[in-house]
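Written below as structure tokens is the structure these notes are about.
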2 protein chains.
Amino acid sequence: MSCQPIKTEKHKKEMMAVQDSMDVLSGKWKITIISSICYYNKRRFSDILNDVSGISNKMLSKELKELEINKLIKRTVLNTQPITVQYELTEHGKSLQTIINNLTDWGIKHRKEIIGNNSEISDHPESQNILAESNI
Amino acid sequence: MSCQPIKTEKHKKEMMAVQDSMDVLSGKWKITIISSICYYNKRRFSDILNDVSGISNKMLSKELKELEINKLIKRTVLNTQPITVQYELTEHGKSLQTIINNLTDWGIKHRKEIIGNNSEISDHPESQNILAESNI
DNA sequence: CCGTATCCCCGGGGATACTG
DNA sequence: CAGTATCCCCGGGGATACGG
């Protein structure tokens with residue numbers, strides 16, 4: 001176990017890196033917004049507003065701005081009447097695609113997992129409510 | 001473009017899956033907590049408290065409970081004096097390892113990216129402050 | 001050591017209305 | 001359509017103290 005301190009150093013760096021990611025990606029709607037833009041390639045403000053269920057225009061505007069500052073998305077004003085605005089991932093933003101895909105796959109898997117486990121615990125339909133606040 | 005509706009259906013499902021993931025993983029500290037447990041394999045309450053800089057015992061307790069309800073982590077009380085509690089990933093929780101690793105890699109990449117872009121914009125050291133609230 | 005309970009404050013964030 | 005401004009409320013979450 002003499003290698004423990006070295007392992008710990010490594011883990012600390014890994015933890016810091018995760019924190020760095022979360023500084024940019026946490027926030028109630030960021031990941032979902034990015035997913036919308038990612039899957040549709042180019043997406044307008046009002047479209048994202050629909051994609052991300054529950055978000056307000058105020059929050060969408062705010063989070064888009066933050067993502068833009070962090071160079072993850074690019075904002076383009078189109079010469080339409082009335083004006084529309086298009087959002088797309090930057091090259092750097094596109095490096096998140098893997099993560100988005102993983103999260104998508106995991107979401108599907110998780111849904112199955114939870115439903116499966118619940119029916120193991122009890123057959124009562126009411127027990128479905130146990131799944132922790134999955135519909136805030 | 002007659003395939004557009006089909007594509008849209010697919011994207012909607014993908015978006016829903018991401019939302020499902022985020023229902024469980026969002027929350028100010030969840031991902032970082034999971035990372036700590038993931039990298040150290042088994043981790044005690046007080047250790048996680050140290051790993052996740054800034055978190056309070058109240059929040060750690062709360063988020064751990066939620067993760068446990070969602071079957072991502074397993075809680076074990078050890079017969080030590082005084083009592084200690086150990087957390088580890090469940091099998092289902094381990095399926096997040098890929099995502100954690102990706103987030104770690106991306107964090108490192110992102111840090112380089114932002115510093116790089118900033119020095120392109122300006123040589124002034126003060127411009128470092130532009131990086132959006134990366135140290136809340 | 002591992003939490004829970006209590007107090008309390010601030011700001012996240014919704015609803016609505018307005019401008020370019 | 002895209003976004004900003006204003007108002008306002010509720011609960012997230014910190015600090016502290018205590019119990020098992």
Side-chain angles (χ1 to χ4, degrees), chain A residues 19 22-34 36-37 40-70 72-89 132-136, chain B residues 19 22-34 36-37 40-70 72-89 132-136:
Chain A
Q19 298 263 22
M22 296 321 290
D23 284 338
V24 187
L25 299 177
S26 75
K28 205 175 177 183
W29 314 95
K30 293 244 170 67
I31 302 264
T32 319
I33 292 170
I34 293 171
S36 165
I37 301 173
Y40 286 97
N41 252 332
K42 309 195 174 194
R43 205 67 175 150
R44 290 181 311 147
F45 188 88
S46 52
D47 291 327
I48 304 175
L49 207 52
N50 284 317
D51 294 341
V52 183
S53 76
I55 196 172
S56 65
N57 56 348
K58 176 183 166 186
M59 283 310 293
L60 179 55
S61 176
K62 182 193 157 207
E63 305 238 288
L64 282 170
K65 205 178 292 173
E66 291 173 9
L67 291 173
E68 196 189 356
I69 291 174
N70 283 298
L72 296 183
I73 62 174
K74 177 163 165 265
R75 179 179 178 276
T76 314
V77 179
L78 301 178
N79 282 329
T80 52
Q81 192 50 249
I83 277 175
T84 54
V85 180
Q86 195 170 67
Y87 292 91
E88 56 195 311
L89 296 184
E133 54 210 293
S134 55
N135 40 7
I136 296 178
Chain B
Q19 299 262 22
M22 296 320 290
D23 284 338
V24 187
L25 299 177
S26 75
K28 206 175 178 184
W29 314 96
K30 293 246 171 62
I31 301 266
T32 320
I33 292 170
I34 294 170
S36 165
I37 300 173
Y40 286 98
N41 252 331
K42 309 197 175 194
R43 204 69 174 148
R44 290 182 310 146
F45 188 88
S46 53
D47 291 327
I48 305 174
L49 207 55
N50 283 317
D51 294 341
V52 183
S53 75
I55 197 172
S56 65
N57 58 346
K58 176 183 166 185
M59 284 309 293
L60 179 54
S61 176
K62 182 193 155 205
E63 305 239 289
L64 281 171
K65 204 179 294 174
E66 290 173 11
L67 291 174
E68 196 190 356
I69 290 173
N70 282 299
L72 297 183
I73 62 175
K74 176 164 165 266
R75 178 179 179 275
T76 314
V77 180
L78 301 179
N79 281 329
T80 52
Q81 192 49 249
I83 276 175
T84 55
V85 179
Q86 195 170 67
Y87 292 92
E88 57 194 311
L89 296 183
E133 54 210 296
S134 55
N135 39 10
I136 294 178

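Note on naming: letters A, B, ... go to the chains in the order of the sequence lines (proteins, then strands), and numbering restarts at 1 for each one.
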* To the nearest Å, give me how far apart CG (Leu78(B)) and P (dG20(D)) are. => 21 Å

* Separation of dC2(C) P from Leu64(B) CG (nearest whole Å) -> 11 Å

* **Thr84(B) vs dC2(C): side-chain N/O to OP1/OP2 distance below 4.0 Å** => no

* Structure fact -> Atom CZ of Phe45(B) and atom P of dC2(C) are separated, to the nearest Å, by 7 Å

* Counting side-chain heavy atoms from CB outward, which of dG3(D), dC2(C), dG13(D) is closest to Ser46(B)? -> dC2(C)

* Asked: Pick the nucleotide of DNA chain C nearest each of Lys58(B) and Arg44(B); which residue has the one closer to the 5' end?
  -> Arg44(B)

* d(CG, Leu67(A); P, dG3(D)) in whole Å -> 13 Å

* Asked: Would you say Gln86(A)'s side chain and Thr76(A)'s backbone share a donor-acceptor pair under 3.5 angstrom?
  -> no

* Can you check the Lys62(B) NZ to dA5(C) P distance for me, whole Å? -> 15 Å

* Structure fact -> The nucleotide from dC2(C), dG3(D), dG14(C) with an atom nearest the side chain of Trp29(A) is dG14(C)

* Atom OG of Ser36(A) and atom CZ of Arg44(A): how far apart are they, to the nearest 0.5 Å? -> 12.0 Å

* Asked: Would you say Glu88(A)'s side chain and Lys42(A)'s backbone share a donor-acceptor pair under 3.5 angstrom?
  -> no

* Asked: Over how many whole Å does the gap from Asp47(B) atom CG to dC1(C) atom P extend?
  -> 10 Å

* **Between C1' of dG13(D) and NZ of Lys30(B), the distance in whole Å** => 13 Å

* Just to confirm, is there a sub-4.0 Å distance from OP1 or OP2 of dC1(D) to any side-chain nitrogen or oxygen of Tyr87(A)? -> no

* Check the distance between dT4(D)'s P and Met59(A)'s CE and give it to me in whole angstrom. => 13 Å

* Asked: OP1 or OP2 of dA2(D) less than 4.0 angstrom from a side-chain nitrogen or oxygen of Arg43(A), does that happen here?
  -> no

* Leu72(B) side chain reached by Val24(B) side chain, heavy atoms, under 4.5 Å -> yes

* Asked: Out of curiosity, Leu64(A) CG to Ile73(A) CD1, how far, rounded to the nearest 0.5 Å?
  -> 4.5 Å

* Give the nucleotide from the list dC2(C), dT4(C), dT16(C) with an atom nearest to the side chain of Asn57(A). => dT16(C)

* To do: Ignoring backbone atoms, test whether Arg75(B) places a side-chain nitrogen or oxygen under 4.0 Å from the OP1 or OP2 oxygen of dG3(C).
  => yes

* To do: Using the closest heavy atom to pick a nucleotide of DNA chain C for each, name whichever of Ser56(A) or Pro82(A) lands nearer the 5' end.
  => Ser56(A)

* Asked: Among dT4(C), dG3(D), dG3(C), which nucleotide sits nearest the side chain of Lys65(B)?
  -> dT4(C)

* Structure fact -> Comparing nearest nucleotides in DNA chain D, the 5'-proximal residue of the pair Ser61(A), Ile55(B) is Ser61(A)

